[in-house]
Peer 1: 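Pasting a structure below so you can have a look.
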Amino acid sequence: MADHRPQPRIYVALDVAEERRVRDLLAELDPSLCGIKIGKEAFTALGPRVVEWAREGGFPVFLDLKFHDIPNTVARACRAAADLDVALVNVHASGGRRMLEAAREAIEPGRDAPGLIAVTVLTSMEDADLAEIGVNDGAQAQVARLARLTAETGLDGVVCSAREAQAMRAVFPDASGLVVTPGVRPAGGARDDQRRVVTPAEALSLGATSLVIGRPVTAADEPRKALEAIVAEL
Ligand code: C5P
């Protein structure tokens with residue numbers, strides 16, 4: 001049995017900061033087809049009530065705040081997130097072992113617990129960026145190292161690009177392991193500023209367990225239809 005809440009196949013990224021836009025999108029989308037990812041922009045602009053609106057609409061919520069701080073602070077933030085009744089929370093694995101252990105202690109595994117996952121290396125970071133901050137053996141090695149640390153400290157999985165999904169699945173082989181991937185674009189759709197995109201079906205076949213999809217749904221003329229088309233493609 002999974003030791004976290006069940007996860008939707010798709011989280012729609014709600015990357016907007018105006019209450020009206022949030023409410024319109026929530027009214028338009030179908031909670032039987034997706035969860036909602038709430039990130040730093042919407043959360044900072046609108047506060048925890050944005051989570052409440054999504055929960056009232058029946059949506060599982062991925063609170064994507066990527067906590068990274070001293071262990072005690074991250075633990076308390078994780079507990080506060082769990083109190084908001086979210087389905088998924090994340091932290092930066094580069095916060096280190098004691099921070100990850102503190103996060104795990106704050107969110108005890110269980111069928112009602114949010115999934116607790118980690119970001120390994122931001123996909124915006126290239127080898128040269130890492131070298132500048134003292135990581136000299138490249139992104140791939142750093143991703144592998146931080147994924148192992150994430151697994152060792154008992155977290156439920158990672159958020160990563162679809163290109164890394166296969167390798168990440170090997171680090172989290174249980175049925176309950178979570179591999180959450182953004183950068184997904186429906187076949188033939190606009191790529192926006194995403195460079196290395198895969199289709200939703202490809203991402204799942206590479207081992208992703210949930211997909212994060214933003215603009216292909218939120219910027220569509222008819223978000224519900226766009227979402228339904230993606231679900232049909234799966
Ligand atoms: O609109 P789009 O589908 O590109 O949105 C993807 C979402 O996933 C955004 O919220 C973005 O910040 C997030 N994300 C990403 N790539 C990463 C990590 C997160 O696109 N490597």
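Sequence positions, counted from 1, serve as the residue numbers for this chain. Order of appearance sets the numbers: ligands from 1, and atoms from 1 within every ligand.
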Peer 1: Could you pull out every protein residue that has a heavy atom closer than 4.0 Å to ligand 1, ordered by chain and then number?
Peer 2: A13, D15, K37, T123, P182, R185, Q194, V212, I213, G214, R215, P216
Peer 1: Taking atom types as modelled, find out whether Q166 and R169 have a side-chain donor-acceptor pair closer than 3.5 angstrom.
Peer 2: no
Peer 1: Find out whether R224 and L33 are in side-chain contact, i.e. whether some heavy atom of one side chain is under 4.5 Å from a heavy atom of the other.
Peer 2: no
Peer 1: Calculate, to the nearest 0.5 Å, the distance between atoms OG1 and CG belonging to T150 and D156 respectively.
Peer 2: 11.0 Å
Peer 1: For V89 and A81, work out which heavy atoms get closest and say how close.
Peer 2: CG2-CB, 4.0 Å
Peer 1: Indicate the atoms forming the closest heavy-atom contact of R97 with E152, along with that distance.
Peer 2: NH2-OE1, 2.6 Å
Peer 1: Between atom CG of L211 and atom CZ of R185, what is the distance when rounded to the nearest 0.5 Å?
Peer 2: 11.5 Å
